[in-house]
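In what follows, a structure is listed as structure tokens, so that the remarks can point back to it.
Chain letters run A, B, ... following the sequence lines, proteins first and then strands; every chain starts at 1.
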Amino acid sequence: EVQLVESGGGLVQPGRSLKLSCAASGFTFSNYYMAWVRQAPKKGLEWVATISTSGSRTYYPDSVKGRFTISRDNAKSSLYLQMNSLKSEDTATYYCARQLLWVSGVMDAWGQGASVTVSS
Amino acid sequence: DVQMTQSLSYLAASPGESVSISCKASKSISNYLAWYQQKPGEAYKLLIYSGSTLQSGTPSRFSGSGSGTDFTLTIRSLEPEDFGLYYCQQYYEKPLTFGSGTKLEIK
């Protein structure tokens with residue numbers, strides 16, 4: 001069974017940093033592109049980052065580019081999101097997601113999410 | 001960025017009925033459109049991709065249609081477990097963008 005379990009969320013002050021982790025199991029992690037998607041309270045979904053299988057290619061929307069860094073450790077089947085210079089608008093539940101093997105950009109497995117609150 | 005619009009934020013229907021949820025893209029995205037379902041306490045679930053291709057495990061009462069800018073998710077003969085939130089997403093280009101969601105509730 002495919003499982004994605006996020007951790008590392010919490011309350012953080014504006015301007016500070018936080019690192020999320022996602023532990024993957026039930027599939028060959030190194031074969032898949034992975035992504036982070038977030039959902040602010042009472043809002044819709046927003047794509048945050050995507051990383052290639054080797055980690056050599058990463059993609060971000062303008063809203064987080066330069067502040068967030070996605071990375072992975074294939075030996076540990078783990079995905080990470082380093083979030084720096086956090087803003088109140090980064091408050092959201094962050095989901096780790098696996099991208100469909102043969103269709104780039106489609107997420108076929110999701111974690112339950114990690115809550116991040118940016119507030120003083 | 002491609003804006004995805006789900007005009008109906010809320011829809012109420014009864015078990016056994018059929019419903020359609022629409023999604024409109026701000027520019028043509030060919031058929032690069034996916035549909036997701038979220039139910040309280042559960043992870044998001046991919047239902048359909050490429051506009052009309054059912055993901056493995058998606059019941060056949062679900063269908064997707066459309067191309068270009070206008071897309072529809074249809075659920076025939078609603079089951080109690082179908083009630084929840086539905087989102088469309090385009091993957092034609094980055095940034096990947098989602099619709100605002102349609103909440104399907106029991107009437």
**Prompt:** By a 4.5 Å heavy-atom criterion (distance strictly below it), what part of A/Val106 contacts chain B: side chain, backbone, both, or neither?
**Reply:** both
**Connected via hydrophobic side-chain network under 4.5 Å: A/Leu101 and A/Tyr33** = yes
**Closest non-hydrogen atom pair, A/Lys43 against B/Tyr87** = O-OH, 4.3 Å
**Message:** How close do B/Lys94 and A/Ser104 get, counting heavy atoms only, and between which atoms?
**Reply:** NZ-OG, 4.4 Å
**Prompt:** Side chains of B/Gln55 and A/Leu100: does their closest heavy-atom pair fall under 4.5 Å?
**Reply:** yes
**Message:** For residues B/Trp35 and B/Tyr10: do they belong to one hydrophobic cluster (side chain heavy atoms under 4.5 Å, members Ile, Leu, Val, Met, Phe, Trp, Tyr)?
**Reply:** no
**Request:** Determine, stepwise, if the pair B/Phe98 / A/Val37 fulfils side chain to side chain contact (heavy atoms under 4.5 Å, CB included).
**Result:** CA-CA 10 Å; B/Phe98 295 82; A/Val37 178; 4.1 Å; yes
**Message:** Shorter than 4.5 Å, heavy atoms on both sides: which option in B/Pro95, B/Ser56, B/Ala34 has the most such pairs with chain A?
**Reply:** B/Pro95
**Check: A/Leu45 and B/Tyr44 side chains under 4.5 Å, non-hydrogen atoms** = yes
**Prompt:** Is there a path from A/Phe29 to A/Val2 through hydrophobic residues (I, L, V, M, F, W, Y) whose side chains come within less than 4.5 Å of each other?
**Reply:** yes
**Residue A/Tyr60 versus chain B: region with a heavy atom under 4.5 Å** = neither
**Item:** A/Arg16 atom CZ: more than 12 heavy-atom contacts under 6.0 Å
**Value:** no
**Message:** Closer than 3.5 angstrom, by distance alone: can the side chain of B/Tyr36 be matched with the main-chain N or O of A/Met107 as a donor-acceptor pair?
**Reply:** yes
**Item:** Region of A/Gln39 in contact with chain B, defined by heavy-atom distances below 4.5 Å
**Value:** side chain
**Prompt:** Are any non-hydrogen side-chain atoms of A/Trp47 and B/Tyr91 less than 4.5 angstrom apart?
**Reply:** no
**Request:** Against chain A, label B/Glu42 side chain, backbone, both or neither, depending on which of its atoms sit under 4.5 Å from a heavy atom there.
**Result:** backbone
**Shortest non-hydrogen contact from B/Ala43 toward A/Gly111** = CB-O, 3.8 Å
**Asked** Same cluster or not: are B/Ile106 and B/Ile75 linked, directly or through other Ile, Leu, Val, Met, Phe, Trp or Tyr residues, by side-chain heavy atoms under 4.5 angstrom apart?
**Response** yes
**Item:** Enclosure of B/Tyr92 OH (heavy-atom neighbours >12, cutoff 6.0 Å)
**Value:** no
**Request:** Indicate if A/Tyr80 and A/Phe27 have the same hydrophobic cluster label, given that clusters are the connected sets of ILVMFWY residues with side-chain heavy-atom separations under 4.5 angstrom.
**Result:** no
